[in-house]
Amino acid sequence: MASLPSQRYSFSKSRTHPQSSGMTPEPKSTQKCKLSQKRKTLTFQLSMGGHLSPWPTYTSGQTILQNRKPCSDDSWKQVGSLKQYPMSTAKPRYLEQLENYLRKELLLLDLGKDSTQELRLQPYREIFEFFIEDFKTYKPLLSSIKNAYEVMLAHQREKIRALEPLKAKLVTLNEDCNERIMAMRAEERYEISMLKKEKMNLLKLIDKKNEEKISLQTEVSKLRKNLAEEYLHYLSERDARKILIGDLNELRYQREDMSLAQSPGVWGEDPVKLTLALKMTRQDLTHTQMELNTMKANFGDVVPRRDFEMQEKINKDLQEQLDSLRADYEEVCKEHDSLLQMHMSTLKERDQFFSELQEIQRTSTPRPNWTKCEDVVAGGQERWHMLAADKNSDQLVDVLLEEIGEGLLREKDSFPGLGYGETIPTFLRFDGPVENKKPSKKEVVNILKDAWKERLAQEQKEKFPDFFFNFLEHRFGPSDAIAWAYTIFENIKLFHTNEVMSQFYAVLMGKRTESVYINQKETVAQLQKEMTNADSQNEGLLNMEQFSHNEVTLSKMRRALMNIDPSLDKQTLSTYLSQAFQLPISELPEEGNEVEEGTKLCLRLALEQLQMADVKRIGPRDIEPTS
């Protein structure tokens with residue numbers, strides 16, 4: 001091929017290609033077999049009598065089955081460029097046969113209803129196989145190219161197949177999320193509808209109050225109008241009365257004058273005296289009339305007291321109603337504003353809670369199923385229910401750890417010695433393996449109780465760890481003391497829920513003083529004694545009424561108050577005791593001089609009388625009570 005001219009050449013070969021009958025990709029062995037059969041049917045022919053046929057360079061850019069529009073610019077440009085060359089040069093027969101074969105195969109695939117993209121690659125794969133087989137020189141390179149593409153296609157198919165479950169999972173997750181969103185939206189719509197109903201009710205109430213206010217204002221304006229009309233009526237009545245009185249007086253004067261002129265003998269014979277008397281009478285009448293007019297002028301605008309008080313009462317009632325309605329209206333407005341603010345804050349809290357819920361659902365772990373422990377814990381379901389009664393998850397974890405630790409502890413035959421370091425407790429200083437005595441939990445508790453009894457019986461001169469080791473030597477002998485020390489130490493360190501073991505471990509390691517245990521024991525003993533005394537029928541039980549009627553003495557009340565608040569001064573303490581026992585402060589015995597069986601009082605009565613005073617704590621709560 002290297003000796004050919006600069007123009008491109010191709011072999012013109014005549015082949016008869018069979019039509020593809022299958023619509024799915026076939027295995028490589030089947031494809032190779034069909035390819036060899038097709039090659040046998042095709043006869044090798046060289047164009048121009050077996051010589052190389054030149055194929056112009058400008059035709060190499062043409063593609064098979066172009067899908068361009070007939071009127072596009074690129075098509076006209078190619079046609080114009082082709083006109084520059086002679087049209088007598090024909091394609092090699094081999095190229096035409098390959099194009100026809102490819103065109104037929106693609107047409108068959110297009111006629112099929114369920115042809116996939118993978119099937120459409122099969123004709124191109126076969127054409128490429130023909131080229132690989134015909135051009136022996138480039139067969140290795142073309143084969144490697146074909147294999148690389150086949151490997152990549154297989155890889156992509158595997159990748160798509162692996163992503164199919166993830167796609168289904170994404171669809172399921174999307175449906176779940178949509179359902180949650182729809183549920184939340186439904187709940188939201190319900191809340192909004194309820195708030196809208198409440199808002200409508202409040203608006204109706206506001207409208208009703210406004211209508212009542214308007215009606216009251218109308219009534220007040222009507223009453224004011226009536227009052228003004230009555231006032232004008234009374235003014236006109238007053239003026240008319242004044243005119244009438246003046247007319248009546250004038251008529252009376254005229255009548256008197258006429259009567260005197262007609263009958264002069266009525267008053268006697270002295271007309272001068274009568275004239276003088278008439279003059280004086282008229283002067284008195286004029287003076288009286290002037291006083292009457294002055295009083296009417298001064299008090300003409302005055303309303304009668306009865307009417308004034310009635311109108312004042314009505315006005316006062318209306319003003320009170322108006323003030324009440326105004327206050328109610330303002331209160332309703334405030335409530336409406338507060339409800340709106342509450343609604344907005346509720347919406348914000350809802351959004352915040354929803355985001356927190358999503359975050360919790362995303363990050364939280366599922367709640368443990370504690371019923372699985374029934375088959376693991378020794379004793380089965382009944383013992384696990386007894387251990388898990390009234391306990392939260394944290395406490396259940398402690399119980400489960402104790403059960404697991406107890407099993408591991410029993411499997412150990414020995415403990416490694418901790419050595420003789422200064423940080424090691426004195427009762428654990430030993431090198432080498434130490435035997436595990438494997439006692440039961442009840443045996444360990446009994447040993448600890450016996451140790452406390454012996455500790456309380458002695459003078460407590462030595463330190464508690466030294467006493468503990470001496471106790472073990474005295475009880476089990478010097479040879480087994482260290483083994484029992486390690487065994488008991490591992491048990492009390494494991495069982496935190498057992499009160500005896502946890503208290504002993506705290507005192508042994510210096511985390512708590514011995515006085516705490518001693519005071520607690522004395523308090524429990526005293527309480528047991530009081531409850532035994534209160535149990536008159538020796539039933540072993542006390543009801544609430546019996547428990548509240550235990551009698552209390554003055555010394556017990558003093559100690560109780562000082563234990564609750566050690567910062568109480570003497571004067572305040574005496575005041576509280578005087579209030580509780582209803583005794584003067586001067587009659588209270590001094591501290592330390594009280595008789596244990598002295599003044600007694602019912603506990604409930606003492607507390608009721610103490611609550612009548614201003615009782616309060618003086619010191620802070622973190623101060624520990626004195627022992």
Side-chain angles (χ1 to χ4, degrees), residues 1 7-48 52-70 72 74-75 78-79 81-82 85 87-154 156-157:
M1 299 295 290
Q7 295 180 337
R8 296 187 179 180
Y9 291 89
S10 65
F11 290 99
S12 177
K13 305 181 181 182
S14 176
R15 295 178 181 268
T16 305
H17 295 276
Q19 296 181 354
S20 177
S21 60
M23 299 303 292
T24 56
E26 298 178 350
K28 290 185 177 181
S29 60
T30 307
Q31 293 177 2
K32 288 183 179 180
C33 182
K34 286 187 176 182
L35 184 62
S36 61
Q37 292 176 0
K38 291 177 182 179
R39 289 185 55 82
K40 290 179 180 179
T41 59
L42 295 177
T43 59
F44 181 80
Q45 294 179 354
L46 290 175
S47 62
M48 298 182 182
L52 289 174
S53 61
W55 183 248
T57 307
Y58 61 86
T59 59
S60 60
Q62 298 179 0
T63 57
I64 300 173
L65 298 177
Q66 296 182 355
N67 294 324
R68 296 174 182 172
K69 296 181 179 178
S72 60
D74 295 337
S75 300
Q78 290 182 0
V79 171
S81 62
L82 290 174
Y85 298 95
M87 300 301 295
S88 59
T89 305
K91 292 183 182 179
R93 291 183 60 192
Y94 184 54
L95 178 57
E96 291 179 354
Q97 291 175 357
L98 291 178
E99 288 179 353
N100 294 332
Y101 174 74
L102 180 59
R103 192 176 290 109
K104 291 178 182 178
E105 293 293 329
L106 292 176
L107 182 60
L108 290 175
L109 289 175
D110 290 336
L111 294 176
K113 295 183 180 180
D114 55 350
S115 58
T116 60
Q117 195 66 23
E118 185 72 22
L119 290 177
R120 297 185 67 84
L121 291 177
Q122 185 63 26
Y124 294 98
R125 186 181 286 112
E126 293 178 358
I127 296 296
F128 198 50
E129 289 287 345
F130 295 154
F131 272 92
I132 292 174
E133 294 296 329
D134 289 336
F135 294 95
K136 303 295 184 180
T137 304
Y138 301 99
K139 182 176 181 180
L141 177 60
L142 295 176
S143 298
S144 61
I145 293 173
K146 179 179 178 298
N147 292 333
Y149 276 100
E150 292 292 341
V151 170
M152 180 55 65
L153 287 174
Q156 294 297 331
R157 283 195 295 270

From E105 CD over to L109 CG, what is the distance, rounded to the nearest 0.5 angstrom?
7.0 Å
Distance in Å, N100 CG paired with L95 CG, rounded so as to fall on 0.5 Å steps
9.5 Å
So, for R125 and L153, which heavy atoms are closest and what is the spacing to 0.1 Å?
NH2-CD1, 4.3 Å
List for me each residue that meets side chain to side chain contact (heavy atoms under 4.5 Å, CB included) alongside F128, sequence neighbours excluded, and say none if there are none.
I132, L142, K146
Taken in chain and number order and not counting sequence neighbours, the residues that satisfy ring pair (Phe, Tyr, Trp, His ring centres under 6.0 Å) with F131 are F135
Starting at CD of Q97, measure out to CG of L102 and round the result to the nearest 0.5 Å.
13.5 Å
Can you tell me how far the CG atom of L121 sits from the OH atom of Y124, to the nearest 0.5 Å?
8.5 Å
Rounded to the nearest 0.5 Å, what separates atom OG in S144 from atom NZ in K139?
12.5 Å
